[in-house]
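Here is the naming used below: chain letters follow the sequence lines, and residue numbers restart at 1 for every chain. Keep in mind it's a predicted model, so treat the numbers as computed, not measured.
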Amino acid sequence: MARREDLPKVYDPRAVEAKRYARWEELGYFRAEPGGSRPPFSIVMPPPNVTGSLHMGHALDNVIQDVLIRRRRMQGYAALWLPGTDHAGIATQAVVERELAREGLTRHELGRELFLERVWNWKERAQARIVEQLKRLGSSADWSRERFTLDEGCSRAVTEVFVRLYEEGLIYRGERIINWCPRCLTALSDIEVEHREVEGELVTVAYPLADGSGEIRIATTRVETMLADTGVAVHPADPRYAGLVGKEAVLPLVGRVLPILADEGVDPEFGTGAVKVTPAHDPLDFEIGQRHGLPKVDIFTPDARVSDAGGAFRGMDRYEARRAVFRALEEGGYLRGVVRPYLHAVGHCYRCGTEVEPRLSTQWFVRVEPLARAAVEAVREGRVRFFPERWSKVFFDWMEGLKDWCISRQIWWGHRIPAWYCEGCGEVVVAREEPASCPRCSGALRQDEDVLDTWFSSALWPFSTLGWPEATPDLAFFYPTSVLVTGYDIITFWVSRMIMMGLHFVGDVPFRHVAIHGLVRDWRGKKMSKSFGNVIDPLEMVERYGADALRFTLARSATPGQDVPLAEEWVEGSRNFMNKIWNAARFVLMNRAGESSAEPPGERGLAERWILSRLARAGARADEAYESYDLAEAARVLHHFFWSEYCDWYLEVAKVAMARGDGEAARARKTLLFVLDQALRLLHPLVPFIADEIWTRLTGGETVATASWPTGLEAFLDPVAEDEFETVQKTVVAIRKFRQDHGIAPTARLDVTFRAEEASERVLAEAAEMVSRLAGLARFSPGSTEGRAKLHVRAGLELGVAVEGFLDVGREIARLRREEEELEAEAYRVRARLGQPGFLAKAPPEVVEGTRRRLAEAEEGLARVRQLLAELEGLQP
RNA sequence: GGGCGUUUAGCUCAGCGGUAGAGCGCUUCCCUUACAAGGAAGAGGUCGGAGGUUCGAAUCCUCCAGCGCCCACCA
């Protein structure tokens, strides 16, 4: 008996999503345990920053991961998706400082302890919000394992790594030129600096020679730093200056005597070929200074104002000082030639956009070169594979010329550097636990005030979250993780460093695959940003259209490695697809007569064989796409299968069978149920909520989330059925088109005969009822087409429509003319190909054969169409 | 200054060596008992340009152009 399914006509995600997610969590489907017979599959979530809430980029990243993990879970893997969040040092601190500023406070007024309390407070709120948002998206992460980069375990891993690297000589403290942000008041690593083109001026300045014999001209874009010059350099092979090397120049405005020296680092082609050397304010000058033992004079304060060392210019910021020094040089008569406008790249802080100041400073560094070698080798050997492969090039390029990594930051929010300084003897102690006193002199110790670069802890994420440095069962089972899913924008920041650290400390790569995705953009390819006003908020989309609709939209656009354009109307389109799935399911469930969806009927008609074969193809293609991280392709394949094949054709055909109420009805129902069941499984990773809602109603099972992934579908492949059904489709479409062309009412039941060669005739005779119903016919039977409007469907198949009064001869002629033109073009193309010299000899036989068949079809069709035209034209007055 | 990506239907994108595809938009018809968030039938591309390889190129190679991105201590 038919079970009455009372489903609303319109799918309502709100009524489904929260309920389903709660149930998944309650039943613990997302928990993964190490050991056992299930093979491991693991993904460690790139931790969102606790600066605020989730944006569309996070949604994309997490949807991709969720799709991958859900499929593996269904395939029987012990599938672990380990979630967490990142403390995001500078960024989070900046957010909280901004909040303080609104209260008229600074972090210094609050003090370190109170300030950190506030940041922790902020973190709790942001983290809760982020987790909530991830859940709304349907993320099937194992929340029992949720981690935070500053939690106890991760912090322990950070300390351990720091201490070990220090002991191995791979971490050191030293005075170097670093990138300094005068606004954030901290050092930055090289990759935290963004280069932007800036309009500057190239100024030529004359430095008088000390012996009064003339002058040497230098070119610079930063005249203000001349206050800190301690030398002048030229290229050793530059003949213009050969006589000056070894002499001395006098620094204008300051009066300091500067040695003129030769150094390979100077480019004789640039400017005048002579440069001022400012070791404290320029990285190249620093190196030249080192090589020649020049003193270093620092003329800036941390916020980039001229310090006391800058004499008359003290107190000015760098830009004021630039103008002032320029004027002073001008007044002193030191300028030569013209001041040239000059476009050049200047470093900016990637967090706040302030121009970075190269600054002499004592910081902690990681010597990355030895670590990098192993990482490059691992990728080269394929132990880590990038998808798409070309992104490995970005990795290699960056790893090549790596300089040491500055890891200390002059902020408070982060992992405090585990180094202590003796106030008595100056000893530096690096230790896992705070030492009671100086091991050398027993003096009092003071801990380093600085914290570590956020990316330092991020680099350890794949193993710190699994319990390292303990040898935990999680680490043994789930490491290396299976795949890292992330955007191409952090390959250098993060991916490469994880590989280095994983190899060094765990002895194996952190992940076998890196699935790279692009950045989410708006519909015209523009970056989403608040100032553009083109931001689409994921939560808003979820509320308006449902999580599945958003997920499907993102997946469908996410071609591997390419940017992902997004527009609200596309989410709407996906919502429509969800509604389609819902209503198809509603139909299937309403018509069910107690059958199970577990298997297809043993006895199958043409349509059954066709849809099962199409299912098998869709399954295979989706699988292949999923395996190569091409979610866009998987989504497209499944969308097409479900909508254009299952709904548009099979469902309509099944109605015909069900109307008969005999054995055909039962096998149609069984097929509908089975294919729906399989399709829902294939779709579940992409659209988990609706798939689960329907699947549980369909099967009575607990959840599709842990149901088995479809396998063995290839047994249903049936090329003969596909070909025969195509004949049916073409026939139906030809009649519908005829009806449309002649404006025949949809309600008019036509009488159609067909004449076909044997194979097609058999197929159509069997499918007569199907065709009648789909094309709205009163009768569809084999027989003569004489005296009827003749439709050419394909070679050897012609239909005759009884037209009675309503055939418009003029229109029919026009229709046939179009057909004639198309066939002519086709015949021409194919004949041209066959006539190409060498084609017959060199093309593969099956291609030649196919081409000949096409020509035969086209010619036959053309002959027939022309004949019909002649007949009709005879009818015209 | 290097490098990468991209250029295919009005829009956003697939296809990457053998008959040009999808979604959205557009046109016409239809509220047919799963769905009007729908159904049916259509219109619409010399696949950025120029060479080359090949029997055959949107697809491979070279060059050029436009757009976008990444890297870079020529001050």
Side-chain angles (χ1 to χ4, degrees), chain A residues 7 9-11 177 190-191 195 202 218-222 225 233 265-271 274-278 282-287 342 344-345 347 358 390-391 393-394 397-398 401 403 488-489 491-492 518-519 521 523-527 545 553 556-557 559 561-563 565-567 569-570 572-591 630 632-633 636 639-640 644 647-648 651-652 655 732-733 736-741 743-747 774 776 826 829-830 833-834 836-844 846-848 850-851 854 858:
Chain A
L7 301 186
K9 252 173 98 164
V10 172
Y11 174 58
I177 289 273
D190 292 342
I191 45 176
H195 290 88
L202 190 63
I218 58 95
T220 181
T221 54
R222 295 203 62 190
T225 63
V266 179
D267 177 3
E269 303 292 318
F270 186 87
V275 293
K276 59 201 262 314
V277 183
T278 320
D282 182 277
L284 175 63
D285 292 8
F286 176 81
E287 281 172 31
Y342 187 67
H344 64 309
R390 67 184 160 83
W391 286 106
K393 194 168 160 35
V394 172
D397 287 352
W398 188 68
K403 288 187 304 180
Y488 59 70
D489 53 328
I491 292 175
T492 52
L519 274 26
R521 314 215 160 232
W523 66 276
R524 50 192 348 174
K526 288 249 185 313
K527 205 169 174 171
Y545 305 103
T553 310
R556 189 154 49 164
S557 284
T559 301
Q562 297 295 94
D563 283 344
L566 184 74
E569 57 170 330
W570 304 347
E572 203 179 314
S574 296
R575 185 273 315 263
N576 295 352
F577 180 44
M578 298 308 114
N579 197 232
K580 189 75 181 177
I581 296 174
W582 181 253
N583 277 289
R586 201 161 69 94
F587 174 80
V588 173
L589 290 171
M590 280 191 309
N591 285 290
D630 190 349
E633 176 67 8
R636 272 191 298 267
H639 178 270
H640 180 261
S644 304
C647 291
D648 286 352
L651 221 97
E652 295 304 320
K655 286 177 186 172
V732 170
V733 169
R736 286 171 176 169
K737 182 162 155 46
F738 179 83
R739 191 191 286 274
Q740 177 88 7
D741 281 347
I744 299 168
T747 46
L774 294 180
E826 165 77 355
R829 269 197 309 270
V830 179
R833 168 173 297 180
L834 280 167
Q836 226 131 27
F839 177 74
L840 296 179
K842 297 197 177 173
E846 64 272 18
V847 172
V848 174
T851 310
R854 276 174 62 196

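- Which of B:C55, B:A14, B:C69 sits closest to the side chain of A:Phe839 comes down to B:C55.
- As a whole-Å value, the separation of A:Asp630 CG from B:G15 P is 7 Å.
- At least one donor-acceptor pair closer than 3.5 Å links the side chain of A:Asn583 to the backbone N or O of A:Lys9.
- Contact annotation: the side chain of A:Thr553 never approaches that of A:Tyr545 to less than 4.5 Å [non-hydrogen atoms, C-beta and beyond].
- Phosphate contact (OP1/OP2 of B:A75, side-chain N/O of A:Tyr342, threshold under 4.0 Å): present.
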Exercise for the section: Go ahead and write out RNA chain B as dot-bracket, 5' to 3': ( ) for pairs within the strand, [ ] for ones crossing earlier pairs, | when the partner sits on another strand, dots for unpaired; Watson-Crick or G-U wobble, both distances under 3.5 Å. Expected result: ((((((((.[[[[.)..(..]]]].(((((.......))))).....[[[[[..)....]]]]])))))))....

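- Within the 4.0 Å cut-off from OP1 or OP2 of B:C35, at least one side-chain nitrogen or oxygen of A:Arg586 is found.
- Of the two residues contacting RNA chain B, namely A:Lys527 and A:Leu202, the nearest-nucleotide position lying further toward the 5' end is that of A:Lys527.
- One atom, CG of A:Asp563, and another, C1' of B:G5, lie 9 Å apart when rounded to the nearest Å.
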Dump every N/O contact between nucleotides 19-24 of chain B and the protein below 3.5 Å, one line per pair.
residue, atom, partner, partner atom, Å
B:U19, O4', A:Arg854, NH1, 3.2
B:C24, O2', A:Glu569, OE1, 2.8

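- Residue contacts shown for A:Pro358 are absent, as no nucleic acid heavy atom lies under 4.0 Å away.
- Taking atom NZ of A:Lys276 as the reference point, atom P of B:A75 lies 12 Å away to the nearest angstrom.
- The side chain of A:Lys580 places no N or O atom within less than 4.0 Å of a non-bridging phosphate oxygen (OP1 or OP2) of B:C35.
- For A:Gln836, there are no side-chain hydrogen bond (donor to acceptor under 3.5 Å, both in side chains) partners, not counting sequence neighbours.
- Rounded to whole Å, atom P of B:G2 lies 13 Å from atom NZ of A:Lys393.
- For A:Lys526, the salt bridge (charged side-chain N to carboxylate O under 4.0 Å, His left out) test picks out no residue, with sequence neighbours left out.
- When the nearest nucleotides of RNA chain B are assigned to A:Val732 and A:Glu572 by heavy-atom distance, the more 5′-ward of the two goes with A:Glu572.
- Residue-level contact check: A:Arg736 touches the backbone only, with heavy atoms under 4.0 Å from sugar-phosphate atoms and none from bases.
- Residue A:Arg524 contributes atom CZ, which lies 17 Å from atom C1' of B:U7 at whole-angstrom precision.
- Here CD1 of A:Ile744 is found 11.0 Å from OG1 of A:Thr747. Values are rounded to the nearest 0.5 Å.
- As a whole-Å value, the separation of A:Asp397 CG from B:G2 C1' is 9 Å.
- Considering only residues two or more places apart in sequence or on other chains, A:Ala274 meets the side chain to side chain contact (heavy atoms under 4.5 Å, CB included) condition with A:Ile216, A:Ile218, A:Val234, A:Tyr241, A:Thr272.
- A search for ring pair (Phe, Tyr, Trp, His ring centres under 6.0 Å) contacts involving A:Tyr488 returns A:Trp391, not counting sequence neighbours.
- Under the salt bridge (charged side-chain N to carboxylate O under 4.0 Å, His left out) criterion, A:Arg390 pairs with no residue, sequence neighbours left out.
- Atom-to-atom, CG of A:Asp648 to C1' of B:A41 comes out at 13 Å; the value is rounded to the nearest Å.
- Applying the side-chain hydrogen bond (donor to acceptor under 3.5 Å, both in side chains) rule to A:Arg739 yields no partners; only residues at least two apart in sequence or on another chain are considered.
- Taking the salt bridge (charged side-chain N to carboxylate O under 4.0 Å, His left out) definition, one finds that A:Lys737 meets it with A:Asp741, sequence neighbours left out.
- Between A:Leu834 and A:Leu840, some side-chain heavy-atom pair lies under the 4.5 Å cut-off.
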Show me the protein contacts with nucleotides 30-33 of chain B, counting only N or O atoms at under 3.5 Å.
none

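- In terms of phosphate contacts, A:Thr559 brings a side-chain nitrogen or oxygen within less than 4.0 Å of OP1 or OP2 of B:A14.
- Under the ring pair (Phe, Tyr, Trp, His ring centres under 6.0 Å) criterion, A:His344 pairs with A:Tyr342, not counting sequence neighbours.
- In this structure, the side-chain hydrogen bond (donor to acceptor under 3.5 Å, both in side chains) partners of A:Arg636, at least two apart in sequence or on a different chain, are A:Glu633.
- B:G66 and B:C24 have their C1' atoms separated by 26 Å, with the value rounded to a whole Å.
- Among the atoms of the strands shown, base atoms are found under 4.0 Å from some heavy atom of A:Val266.
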